[in-house]
Chemist: 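One structure is given below, represented as structure tokens, and several questions about it will come after.
Counting begins at 1 with the first residue of the sequence. Only a predicted model underlies this, so the values are computations on that prediction, with no experimental measurement involved.
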Amino acid sequence: MFTYKFGNNYYVYILHYRLMLVILSDMEKLNLLQLIKLGREYLALWPNRRELRQYFAEYNGVEVARFVERYFPGIAVFIFAMQLYFAGISYLPNALVYLLFFLSLPFQSWIMMGLKADKFLPPSLASWYKEGVAKFNEQGGDIKLSVSKPRYLDLAKLLNLSYSK
């Protein structure tokens, strides 16, 4: 692990480089900005319906990512202000590290959701997805989603279309 020394006795540990290599190895086709954009699109498309929790494990991840996206910037500023208020200006380096960490969490959640959105559906979920597309088109809908190798993003689009009707 990398360590940086701030002040007299305060150490901040930065994420182990191997973990970053694992995350970066999944980003073969997309660059970082495309991945963040895809993650935000995936979060926006996924319906906010509680009944999906019992069918899809991804719903819990989407809920957590939405929570982080909504509340953590404010929490970061609050933590920064409280550290400076109670500990004084001498804790500015620590407060800045905490601020940057908490401000990075929404970006991390968008990256993880982008990685999830770009993955192919497992065979059981892919067959359910294909049946859902067929049913939607039988009921008068005309959607042209990927049927050959669907991804989680396609599943989110299908669920969004089916719940918006």
Chemist: Tell me, please, which residues at least two apart from Phe102 pass ring-ring contact (aromatic ring centres under 6.0 Å, His included).
Modeler: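 Counting only residues at least two positions away or on another chain, Phe102 forms a ring-ring contact (aromatic ring centres under 6.0 Å, His included) with Phe72.
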Chemist: Once side-chain hydrogen bond (donor to acceptor under 3.5 Å, both in side chains) is applied, do any residues pair with Tyr59, and if so which ones, sequence neighbours excluded?
Modeler: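 Expected list: Asn48, Glu63.
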Chemist: Under the side-chain hydrogen bond (donor to acceptor under 3.5 Å, both in side chains) rule, what pairs show up with a residue in residues 67-82, not counting sequence neighbours?
Modeler: Glu69-Trp110
Chemist: Could you tell me which residues satisfy salt bridge (Lys or Arg N to Asp or Glu O under 4.0 Å) with Glu51, sequence neighbours excluded, listed by chain and number?
Modeler: Arg49
Chemist: Can you sort out the partners of Asn137 under side-chain hydrogen bond (donor to acceptor under 3.5 Å, both in side chains), two or more places apart, ordered by chain and number?
Modeler: none
Chemist: Which distance, rounded to the nearest 0.5 Å, do you find between the CG of Asn160 and the CG of Leu153?
Modeler: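 Going from the CG atom of Asn160 to the CG atom of Leu153 covers 10.5 Å.
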Chemist: Considering non-hydrogen atoms only, spot the tightest contact between Ser90 and Ala87 and give its length.
Modeler: OG-O, 3.7 Å
Chemist: Could Lys149 and Phe120 be counted as a cation-pi pair, given that NZ or CZ must be under 6.0 Å from the ring centre and within 45° of the axis?
Modeler: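 Judged by the rule (NZ or CZ under 6.0 Å from the ring centre, within 45° of its axis), Lys149 counts as positioned above Phe120.
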Chemist: Same cluster for Leu105 and Ile75 if Ile/Leu/Val/Met/Phe/Trp/Tyr side chains link at under 4.5 Å?
Modeler: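 Result: yes, single cluster for both.
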Chemist: Would you check if the side chain of Arg151 reaches a backbone N or O of Asp118 as a donor-acceptor pair within less than 3.5 Å?
Modeler: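 Yes, because the side chain of Arg151 sits within donor-acceptor range (under 3.5 Å) of the backbone of Asp118.
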Chemist: Does Phe78 share a hydrophobic cluster with Tyr85, counting links as ILVMFWY side-chain heavy atoms below 4.5 Å and allowing steps through other members?
Modeler: yes
Chemist: Quick one, Lys130 and Val133 - any side-chain contact, counting heavy atoms below 4.5 Å?
Modeler: no
Chemist: The criterion is salt bridge (Lys or Arg N to Asp or Glu O under 4.0 Å); which residues satisfy it with Arg66, sequence neighbours excluded?
Modeler: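 Arg66 satisfies salt bridge (Lys or Arg N to Asp or Glu O under 4.0 Å) with no other residue.
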Chemist: Would Leu100 and Val77 show up in the same hydrophobic cluster when neighbours are defined by side-chain heavy atoms closer than 4.5 Å?
Modeler: no
Chemist: Is there a path of hydrophobic side-chain contacts, each under 4.5 Å between heavy atoms of I/L/V/M/F/W/Y residues, joining Met82 to Tyr91?
Modeler: no
Chemist: Between Pro150 and Leu155, is there a side-chain heavy-atom distance shorter than 4.5 Å?
Modeler: no
Chemist: Sort out for me which residue in Leu35, Ile36, Val68 forms a side chain to side chain contact (heavy atoms under 4.5 Å, CB included) with Phe107.
Modeler: Ile36
Chemist: Residues two or more places apart in sequence or in another chain: which of them pass ring-ring contact (aromatic ring centres under 6.0 Å, His included) with Tyr55?
Modeler: none
Chemist: Find out whether Val64 and Ser109 are in side-chain contact, i.e. whether some heavy atom of one side chain is under 4.5 Å from a heavy atom of the other.
Modeler: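 No, side chains not in contact.
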Chemist: So which pairs with a foot in residues 34-43 pass side-chain hydrogen bond (donor to acceptor under 3.5 Å, both in side chains), sequence neighbours left out?
Modeler: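 For residues 34-43: none.
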Chemist: Taking salt bridge (Lys or Arg N to Asp or Glu O under 4.0 Å) as the test, write out the residues that go with Lys116, two or more places apart.
Modeler: Glu58
Chemist: ring-ring contact (aromatic ring centres under 6.0 Å, His included) with Phe56: which residues, sequence neighbours excluded?
Modeler: Trp46, Trp128
Chemist: When rounded to the nearest 0.5 angstrom, what is the spacing between CZ in Phe101 and CG in Leu103?
Modeler: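 It is 11.0 Å, given to the nearest 0.5 Å.
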Chemist: Treat each ILVMFWY residue as a node, draw an edge where side-chain heavy atoms are under 4.5 Å apart, and state whether Ile79 and Leu99 are in one component.
Modeler: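 Different clusters.
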Chemist: Applying side-chain hydrogen bond (donor to acceptor under 3.5 Å, both in side chains), can you list everything that pairs with Ser104, at least two apart in sequence or on another chain?
Modeler: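 Testing Ser104 for side-chain hydrogen bond (donor to acceptor under 3.5 Å, both in side chains), a comparison that skips the adjacent residues, returns Gln108.
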Chemist: Roughly how far apart are Phe136 CZ and Leu158 CG, rounded to 0.5 Å?
Modeler: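 Those atoms lie 7.5 Å apart.
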Chemist: Got a sec, which residues hit side-chain contact (heavy atoms from CB on, under 4.5 Å) with Leu92, two or more places apart in sequence or on another chain?
Modeler: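 Listed in chain order: Phe80, Leu84, Ile89, Leu96.
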Chemist: Any chance you could measure Leu121, atom CG, to Asp154, atom CG, to the nearest 0.5 Å?
Modeler: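 If we round to the nearest 0.5 Å, Leu121:CG and Asp154:CG are 7.0 Å apart.
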